[in-house]
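Let me begin by presenting the structure, written as structure tokens, before commenting on it.
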2 protein chains.
Amino acid sequence: MAKKKTSIKDIAEALGISITTVSFIINGKAREKRISEEMTQKVTDYIKKIGYKPSHLAQSLRLGKSRVIVFMVEDISNQFFASIARLIEEKAYKNGYKIIYCSTDNDVNKAKELISTFKMRNVDGFIITPTPDLETTIISLMEEEQALVLFDRWIPELDTSYVVVENQKSAKEATLHLIDQGSKNIGFVTVDSNQTQMLDRLAGFQEAITEKGSNQETLKISPFIIEKKQISLHIQDFLTMHPSLDALFFSTNYLAFEGLLALAALGKKIPEDIKILSFDDHYLFNLYQPKITSIEQPLEAIAEKLMESILGQLDAEAPSKPPQKVVLPNKLNIRESSLKGF
Amino acid sequence: MAKKKTSIKDIAEALGISITTVSFIINGKAREKRISEEMTQKVTDYIKKIGYKPSHLAQSLRLGKSRVIVFMVEDISNQFFASIARLIEEKAYKNGYKIIYCSTDNDVNKAKELISTFKMRNVDGFIITPTPDLETTIISLMEEEQALVLFDRWIPELDTSYVVVENQKSAKEATLHLIDQGSKNIGFVTVDSNQTQMLDRLAGFQEAITEKGSNQETLKISPFIIEKKQISLHIQDFLTMHPSLDALFFSTNYLAFEGLLALAALGKKIPEDIKILSFDDHYLFNLYQPKITSIEQPLEAIAEKLMESILGQLDAEAPSKPPQKVVLPNKLNIRESSLKGF
DNA sequence: TACATTAGATAAATCCTTTTAGCAGAGGTC
DNA sequence: GACCTCTGCTAAAAGGATTTATCTAATGTA
């Protein structure tokens, strides 16, 4: 038999006092509400003795706050999102918040459905990597004055808080590095989508190419390919069709992984035959032989800023600030795969 | 202005009927409670029109169920746990449950604290990878008849539901494979802890060694080493101290990663100089040159069984069953790193 | 006609808190 | 003595649902 949870009412009855008094004491308002020292002590002792803990559900209902934050990402099993999840967890729990996660698979309908079910669960805040076409739903969240911060990508038309990284700048910088290392004909392998972060990376790449007058080819992989093997084959085709490519820039790490497989299959040597560089650092890149040059996003800073923003919005005390728009710098980790002399 | 949420009361007032009627209709009890077809239609239409959704908080308070499941693991950013997280998410949402995650860092105190805060949040179920010394807390959960299932490791003394894999059998099988490929002197690199899964893997390894009369060395890495580089150095030392080792069996993938770094640093060739094999498959293992042989846990099956168990316990209809103890088979992916002829 | 049954709806209790408004008594002031 | 202020505590409403017990009017039965 699951023993019934003790409630504030039980305490009041046991001590022969009112619920109100108990509540005031629990919430540290004894002084303010002129509860005597003696009474406060008695109640405090009793609560400690029976190990009473207030029901969060009842509190949430009463206060209209659930102390739950939703972490809605494209795919929680993706190393990048999982790492952020880990980092924000810490800060959330420290502030008395819990985190519910969910994955959208970058599907608008799924995202809309999730947001709608969360709204009826009275969650306090949303941390979201928006899917395409999510504007209207985000707008409705804004209208309802929900605490909200976007990350990884954002929606240019909307005046929301967001935390992203310098995608364009870092992509340009990395491309310049490749050119600097003697690459004349660089292939850019990216996802065929209009997510801001991917567009910005492409823009940064092209900016560098134009500036230096280099040659380039672009391969856009459909985001709907489930079978990873297919991606690898596409990249092989791309390389075969453009035999003069002497460097590849992958817009994200999972493409790079498939690219490495493709290169191995074709027997191309890195960096002698072709130089390699990828956005989104990964443990693997430091392990692979040769080690792969990559652009590392500042995970801790991202998590920090995300929680800072969302907690700031949730802090009832603070005056409501205008949306915070944070753009963080990345770090180019130059390793063996992009060096000419190696 | 955040517009006030409409409640069941508002609907009742707007239609000039009672709250009870609305509630019955919402909960599909119209027929059972003899609400007229006409009335049901009217209410249903109105609800659809204004887009009303009941407050989950209020429902939870009333029903004592929150439809939230806690997923408590060692570290959510670990690929293994993140993958499971992704898989159980799907099944949970499909059944109207949400998932709150948290990471224990394998620290009892943190785990205890987390469990205690979750209890006061009325979560419905717990999926847990237990830390050492968590017995008493788990026992109290069992006494309170909380829905509970352990995974990855379990607590032999306790009669709980759990989902684990055939650690010992697979480790033995893998070791036999190494011996079969000509290894005479195998090193086992593991974590220095008494988590059941690690002990079982060691036991399986030793069983094979004993059976075949091979030689072995064991290296136990302290789980408290934060700096990954240190692990790699430990493994280097181990290899230097035991130069006759011709194979290494890593009890989990992150040790293998460091082992690969160590071998690269020492200039050892895989598999010519030394054969390699690791527990816990990883994307990387298929990518590394040479590809690394590994034991793959059945992620989908684990997730499936976890949710089956927890939902089974949460299903009020079903008679309370005895704890389900599930032990799933792994798959040995034989790749280049363990083959003699390669 | 008198009584039992049923259809259709509802009042009110309950879940557990928080918080506003107010009450009773003691002491102070003129 | 009349009025005010302050201290210490509490009754009751509110938050949004579910569910039991009950009520009324209509129909069925004899």
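The sequence lines fix the lettering, A, B, ..., with proteins before strands; numbering per chain opens at 1. Worth knowing before you read on, the calculation uses all heavy atoms, side chains too, and leaves out hydrogens, waters and symmetry mates.
In this structure, A:K98 is not positioned above the aromatic face of B:Y101 in the sense of NZ or CZ being under 6.0 Å from the six-membered ring centre and within 45° of the axis. By the 6.0 Å and 45° rule, B:K305 does not stack over the aromatic ring of B:F151.
Between the side chains of B:S55 and B:Q59, not a single donor N or O lies within less than 3.5 Å of an accepting N or O. Side-chain atoms of A:T104 and A:N106 form no donor-acceptor pair, as typed in the model, at a separation below 3.5 Å. B:S103 and B:E74 are not linked by any side-chain donor-acceptor pair at a separation below 3.5 angstrom, with hydrogens and angles left out of the test. No side-chain donor from either of B:T20 and B:S23 sits under 3.5 Å from a side-chain acceptor of the other. Under the 3.5 Å distance criterion, with hydrogens and angles disregarded, no donor-acceptor pair is assigned to the side chains of B:E113 and B:T117. One side chain, B:S18 or B:T21, offers a donor N or O that lies under 3.5 Å from an acceptor on the other.
Proximity of B:Y52 to the phosphate of D:dA17: a side-chain N or O atom is located under 4.0 Å from OP1 or OP2. For the OP1/OP2 pair of C:dT10 and a distance below 4.0 Å, the side-chain nitrogens and oxygens of B:S18 include at least one atom meeting the criterion.
Per the geometry, NZ belonging to B:K53 stands 16 Å off C1' belonging to D:dG16, to the nearest Å. The NZ-C1' distance, from B:K9 to C:dA11, rounds to 14 Å in whole Å. Taking atom NZ on A:K65 and atom P on D:dG15, their separation rounds to 15 Å, with Å as the unit. Protein atom CD1 of B:I19 is 16 Å distant from nucleotide atom P of C:dT14, rounded to whole Å. If you take CD1 of A:I8 and C1' of D:dA11, they are 14 Å apart, rounded to a whole angstrom. Between the CD atom of B:E13 and the P atom of D:dA17 there is a distance of 13 Å, given to the nearest Å.
Annotation: proximity of residues 54-63 of chain B to DNA chain C (heavy atom, distance under 4.0 Å) is found for B:L61, B:R62, numbered in ascending order. Near DNA chain D, meaning a heavy atom under 4.0 Å from it, residues 21-44 of chain B has B:S23, B:F24, B:N27, B:K29, B:K33 in order of number.
For A:A303, the side chain to side chain contact (heavy atoms under 4.5 Å, CB included) test picks out A:L87, A:I88, A:K91, with sequence neighbours left out.
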